[in-house]
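Here is the naming used below: chain letters follow the sequence lines, and residue numbers restart at 1 for every chain. Heavy-atom basis, side chains included; hydrogens, waters and symmetry copies ignored.
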Amino acid sequence: MSGEGRPGGAADRRSRGGSAGFAVLAALIGIAAGTAGFTFVYGHGGSYLHDDPAACVNCHIMDPQFDGWLRGSHRSVATCNDCHTPKPLVAKYVTKARNGFWHSFHFTRGDFEEPIRIKPSNRAVTQARCRSCHGDVVAMMEPAALAPVDCLRCHATVGHAD
Amino acid sequence: LNIFERKQEARTPFFQVAEVTDTTEDPAVWGQNFPKQYERYLRTADQVRTRFGGSEAVPRTPTEADPRSVVAQSKIEEDTRLKTMWAGYAFARDFREERGHAYMLEDQTFTERQAVGQPGTCLNCHASLAVVYRQVGDGDMTLGFERLNAMPYEEARRHADRAIACVDCHEPVTMRLRVTRPAFLEGIRAWKAAVEGIEDYDPNRDATRQEMRSFVCGQCHVEYYFRGEGKRLTYPWTNGMRADDIYEYYQEIGFKDWTHAITGAPVLKAQHPEFEMWNQGVHARGGVACADCHMPYLRSGAQKISDHHVRSPLLSIDNACRTCHPVESEELKQRAERIQVNTARLRDQALDALVDLIEDIGAERENGRSDAGFEAAVEMQRRAQFYIDFVEAENSMGFHAPQEAARVLGEAINYARQGQVALHAPDFSPRIVPRPSEDRYSVAAAGD
Amino acid sequence: LNIFERKQEARTPFFQVAEVTDTTEDPAVWGQNFPKQYERYLRTADQVRTRFGGSEAVPRTPTEADPRSVVAQSKIEEDTRLKTMWAGYAFARDFREERGHAYMLEDQTFTERQAVGQPGTCLNCHASLAVVYRQVGDGDMTLGFERLNAMPYEEARRHADRAIACVDCHEPVTMRLRVTRPAFLEGIRAWKAAVEGIEDYDPNRDATRQEMRSFVCGQCHVEYYFRGEGKRLTYPWTNGMRADDIYEYYQEIGFKDWTHAITGAPVLKAQHPEFEMWNQGVHARGGVACADCHMPYLRSGAQKISDHHVRSPLLSIDNACRTCHPVESEELKQRAERIQVNTARLRDQALDALVDLIEDIGAERENGRSDAGFEAAVEMQRRAQFYIDFVEAENSMGFHAPQEAARVLGEAINYARQGQVALHAPDFSPRIVPRPSEDRYSVAAAGD
Ligand SMILES: [Ca+2]
Ligand SMILES: [Ca+2]
């Protein structure tokens with residue numbers, strides 16, 4: 001079980017995440033009060049914007065994925081954002097802002113559907129990221145003339161061990 | 001925003017060493033461009049046995065008539081009940097476990113089943129024909145198909161040089177998959193129209209890449225019959241693809257493969273309905289293609305390739321199953337074998353029931369019986385036999401659709417034993433169940 | 001095991017509002033500490049029908065003898081063939097679709113099956129007894145169990161106040177799951193020893209948390225019989241848990257539930273073998289527990305709780321299935337129903353075969369027949385009937401183990417129809433197949 005080495009680490013990350021979590025919540029009450037969403041997502045100390053998975057586990061709702069990631073094959077090679085935000089810098093922040101906004105929004109409203117499932121747009125972002133790291137490995141599988149392969153049909157668990 | 005699409009444009013076309021066109025039949029030439037696929041493709045000559053599949057290399061002394069020095073084990077010797085089921089038909093003479101693609105042409109050429117004189121139609125699934133069709137048809141593929149079907153086997157055989165090759169599954173250069181068998185083009189079009197109400201379906205135009213990963217196999221791994229004078233290769237799918245639907249189809253056109261030697265029943269032979277059975281399983285529902293399991297991706301050097309050593313996935317479980325099922329290989333093997341053993345157990349009971357029925361009818365026939373009870377028994381044999389063969393001939397021993405295989409065998413047992421009852425009980429008339437798409441449950445479903 | 005870990009939700013020690021001890025039977029008190037679980041637990045009184053499960057609320061006019069104003073639909077009226085199968089037994093009088101846990105005690109108390117006079121043993125699975133056992137046994141649980149079994153139902157009934165409650169599945173304070181039914185403790189210990197060679201097994205000490213998530217259900221959702229004078233509740237598992245193993249067990253001890261009214265056959269009644277059937281399916285192999293599907297995690301505010309509204313998972317597919325299967329709910333529903341329809345179709349054929357056999361034997365019996373053929377037919381009825389009932393009484397209509405359910409029905413058909421043949425064909429002797437653990441395949445496997 002690849003995650004075993006790090007449970008302590010997991011705990012730290014959570015507790016560190018804790019305070020930031022409040023920041024997010026605080027920010028969101030603001031949103032509810034009607035202030036522009038983006039400013040707030042940027043506003044909460046930017047913890048949502050750097051690549052530390054702790055930023056994601058600010059929300060206990062992300063815990064299952066975090067735990068899965070700890071046990072997964074990519075723990076030591078890719079962070080959440082490596083797979084969930086596009087590479088080009090601008091696009092990366094747009095996506096983060098968008099997800100950050102919506103996740104925060106839904107999180108406070110609690111009106112999201114469960115089990116949480118990756119949205120098609122974000123699934124596409126993720127698959128593009130697979131390729132940015134594994135482009136060479138899969139080059140042969142995806143000749144120009146052929147439709148792209150759905151990596152997740154077979155590799156759905158690489159990011160998060162079941 | 002669509003980073004995804006942008007990625008696609010970035011993808012490079014294949015670098016060609018040797019020029020390959022629509023008329024390049026020799027896989028060695030294609031192999032210069034794709035040495036890894038070619039190398040694996042050649043490996044289909046390997047013979048390894050699994051519990052219910054693979055194949056065993058059985059040495060034999062070559063003869064004038066049959067120069068093969070190695071064949072696969074004989075299924076009719078391993079289970080002689082099959083000889084009773086096929087009494088009077090060529091299969092009772094010679095029927096072996098199938099082996100790798102490398103052998104398809106020679107195994108067909110030299111099987112003793114040729115003794116009865118076969119049509120050119122046989123060739124459709126046993127040779128590289130993508131180029132041949134056009135040659136024989138003066139550029140017209142369908143015409144070539146019709147001409148080959150109409151020839152005696154020996155004559156058609158002269159047009160074929162080798163087993164299936166790259167050109168039969170791929171477009172040159174792009175390497176896009178393609179269906180090259182007219183029989184499948186016609187069969188799937190008829191099925192889409194009759195069952196799904198989709199007119200003028202053309203897989204080469206309308207199928208997704210993922211669908212093609214099964215369609216290329218469905219060209220040959222299917223149930224078939226020879227239609228009419230021209231011996232046109234035909235796939236009997238217009239009622240659907242389940243055993244019951246196909247039996248119904250044969251009833252409607254009043255078809256029989258041969259007259260049973262012991263009972264005189266007009267009987268049918270089912271053959272390798274892998275595509276049809278797979279369609280009934282949860283893997284197909286989950287979008288899992290033949291190639292996903294039988295040609296799994298394989299890391300070769302810096303890249304992943306589709307393993308062109310087409311074979312039993314149980315010989316490569318790590319690649320064939322484990323990316324989707326993160327479970328130990330040994331456990332996956334046991335799950336598969338457990339399904340197969342359950343199927344084999346039921347298959348045994350079904351075959352015993354059928355043999356009992358055949359012997360009973362045979363005895364009564366000696367006594368010159370021909371009343372209603374006798375006729376009913378004969379009809380039950382025809383039905384039971386087809387159902388059993390549908391699972392027996394399907395080569396995964398139930399794996400492709402575990403519950404469906406068990407259901408079909410269960411119904412076969414019901415028909416075989418009812419045949420015996422009809423023979424011995426004065427006025428018993430067997431209960432025949434409507435096919436699934438028309439039974440009380442589907443009707444209810446429609447009503448839902 | 002993966003699923004086990006995924007199900008490990010963060011477990012902070014529980015905050016106690018009300019004090020709860022081993023003798024606190026009233027769920028309302030536990031409910032003060034866990035209002036959400038309690039609230040959902042009360043919902044087991046809801047009645048909603050699914051295609052093959054759930055239950056329908058059927059209004060009735062209360063009577064002196066039976067004050068219930070609502071019951072579930074009658075299965076014997078929906079399918080009268082069941083009355084023929086159970087002719088002469090209380091089940092032919094009253095047998096309904098089962099409904100939620102809230103009704104377990106009253107449904108047992110007022111079923112017409114009580115008319116024949118039942119033992120206190122019945123109570124073990126229909127009431128909250130964790131506290132009662134000790135009271136009746138003067139502090140000794142097993143003694144309490146034995147005393148309750150030995151009482152007439154009415155007497156035992158006076159000791160029970162309510163349907164299953166928190167205390168029957170949980171330790172107080174820690175809320176750890178526990179097995180409180182002596183019959184399961186004895187049954188699983190005997191099974192572990194005989195089948196797995198593990199001596200002195202105690203689930204409360206040796207089981208993993210994930211195993212307990214099925215064991216708590218396996219206390220009641222199992223096949224059983226009353227052993228000896230003391231009417232000791234016993235689970236017949238020492239040969240294994242498959243239909244064939246349990247039938248073999250009853251053969252060895254020469255057990256019968258009743259004598260069939262039409263045929264005089266010494267027959268058996270199978271009852272709700274959910275635990276046994278589930279054990280044969282791929283879900284169990286994958287470590288998926290009863291609670292994973294029937295008590296899925298449910299978000300309630302900031303927390304996730306186990307949904308204590310125990311019911312059909314097809315009424316909560318999003319929580320019950322989609323966490324593991326990233327597929328649309330409608331598609332999952334169809335996959336499940338497809339399995340159920342296949343099972344139902346085979347069940348129909350098996351019941352028809354059985355009814356045909358029973359009528360045939362009945363007729364011959366009138367003629368006072370009693371030769372070998374007649375005896376063979378009677379034996380076939382006993383066997384076929386038990387196999388059919390094993391699937392019929394299992395309440396998932398095959399879902400828990402799709403292929404196994406189909407296999408068992410297929411073999412049942414074989415026995416029922418062979419019974420007819422034995423009756424009508426001079427010297428036909430039915431073929432009885434060794435149980436799976438002893439057939440040619442398992443032997444081969446051992447040899448592997
Ligand atoms: Ca083979
Ligand atoms: Ca129910």
Is there a side-chain contact between B:Pro182 and B:Met141, using heavy atoms and a 4.5 Å cut-off?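 SC-SC contact between B:Pro182 and B:Met141 confirmed.
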Do B:Thr44 and B:Arg311 touch side chain to side chain, with heavy atoms closer than 4.5 Å?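 Answer no - side chains too far apart.
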Quick one: sort the B:Tyr201 and B:Phe215 rings into parallel, tilted or perpendicular, breaks at 30° and 60°.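 B:Tyr201 vs B:Phe215 ring planes: perpendicular.
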Would you say CG of A:Asp136 has more than 12 non-hydrogen atoms from neighbouring residues, nucleotides or ligands within 6.0 angstrom?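 It does not: A:Asp136 CG has 12 such atoms or fewer within range.
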Quick one: of B:Asp292, B:Val288, B:Val173, B:Thr208, who has the most non-hydrogen atom pairs under 4.5 Å with chain A?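 Most heavy-atom pairs under 4.5 Å with chain A: B:Asp292.
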Leading residue by heavy atom contact count with chain A [cutoff under 4.5 Å; candidates B:His325, B:Gln303, B:Arg322]: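 Result: the option with the highest number of such pairs is B:Gln303.
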Where does B:Arg299 contact chain A at under 4.5 Å (heavy atoms): side chain, backbone, both or neither?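 Contact with chain A: side chain only.
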Taking side chain as everything from C-beta outward and backbone as N, CA, C, O, which of these in B:Gln210 sits under 4.5 Å from a heavy atom of chain A? Side chain, backbone, both or neither.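 Interface part for B:Gln210: side chain.
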Under 4.5 Å from any heavy atom of chain B, what part of A:Arg129 do you find: side chain, backbone, both or neither?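 Contact with chain B is absent: no heavy atom of A:Arg129 under 4.5 Å.
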Check whether the ring centres of B:Phe399 and B:His283 lie less than 6.0 Å apart, and answer yes or no.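 That pair passes the under 6.0 Å test.
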